[in-house]
Amino acid sequence: MSDASLRLLVTLGLLAAFVGLEYLVPARPNALGLRRIANQAGLAFISSVLARLALGGGLAGLAWMAQDQGFGLFNLVSAPIWLAIIVSFLLLDFAIWAQHMLLHRVPFLWRLHRVHHGDTVMDVSTALRFHPFEILASLAYKAAIVVLLGAPAVAVLMFEMALGAGALFTHANIALPKGLERTMRYLFITPSLHLIHHSPNPVETNSNFGFSFNFWDRAFGTYRAARLNGDDNHIGLKNWRGPRDQTLGAMLVNPFR
Ligand SMILES: [Zn+2]
């Protein structure tokens, strides 16, 4: 099985599991309907077709190529493989944290990323809602890091799996048992921490940029443990709140409006 099929299978399995949990133990009223799923999945479908066209072998394939050609830091120095895997995984995780922070701070990048934040509710389908140009920009950025670092393919695959699973988990509308949530918060971004990031209040939106671990936010002072006004149902942006802003077409043209 190719790593692209493996990732697709794991993503679909997790997606189904979280949809089930959202019906069983929702944290907020469940808004998952067919139209909503179709719009969000439409974006994800366009993104994955474009990503496949841009980089057929995926990031792990690129890592193999760099290894073959002896290109990139870890393909030039003789570091133990376990060290190369751990350092690559952590550096890629940090890079994606930094990318997310920049998506919020650089105006033209925010135009792309605001499509994701325009969702007025948050559930597992929000994890599919990224503008295809954001996905392509992110792919180019990650590809550059993978090649320069000479990251081992297994580290790249682990990172991509963790990123995908983290995105689905942190957006899921699930009420975790309080004890589990408290323990997870020592190290991870939980759904309730990511919900703060989806608040319309810019102070809250510009916090908790992590997708899996929360130590980068803690280290750079962007970690926020609670909302300022405590209203968990206030989600999205000040603008783009109408039903017509939530269609596939509107989301595709949103960055250019
Ligand atoms: Zn964001």
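Just follow the structure's listing: the first ligand is 1, and inside any ligand the first atom is 1.
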Practice problem: Go through Q99 and S138 one step at a time and tell me if the side-chain hydrogen bond (donor to acceptor under 3.5 Å, both in side chains) criterion holds. | Solution: CA-CA 8 Å; Q99 173 194 276; S138 175; 3.0 Å; yes
Practice problem: Rounded to the nearest 10 degrees, what's the angle NE2 of H113 makes with NE2 of H104 at the Zn ion (ligand 1)? Could you check? | Solution: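 Output for this angle: 90°, rounded to tens.
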Quiz item: Which angle, to the nearest 10 degrees, do you find at the Zn ion (ligand 1) between NE2 in H117 and NE2 in H197?
Solution: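 Value returned, to the nearest 10°, is 90°.
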Quiz item: Less than 4.5 Å apart, any side-chain heavy atom of H131 and any of N254?
Solution: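 Not in contact.
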Quiz item: Is it true that some N/O/S atom of H116, main chain or side chain, lies under 2.8 Å from the Zn ion (ligand 1)?
Solution: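 Given the 2.8 Å cut-off, H116 does not count as a ligand of the Zn ion (ligand 1).
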Quiz prompt | 2.8 Å cut-off met by an N, O or S atom of H198 to the Zn ion (ligand 1) | solution =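 Coordinating: no.
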Self-check item: Residue pairs passing the side-chain hydrogen bond (donor to acceptor under 3.5 Å, both in side chains) test where at least one lies in residues 167-181, sequence neighbours excluded
Solution: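 Residue pairs with at least one partner in residues 167-181: H116-H171, H171-H194, H171-H198, E181-R185, E181-T190, E181-S192.
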Quiz item: Can you list the residues that meet the side-chain contact (heavy atoms from CB on, under 4.5 Å) rule with N30, with sequence neighbours excluded?
Solution: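 Checked N30 against side-chain contact (heavy atoms from CB on, under 4.5 Å); matches are E22, Y23, L32.
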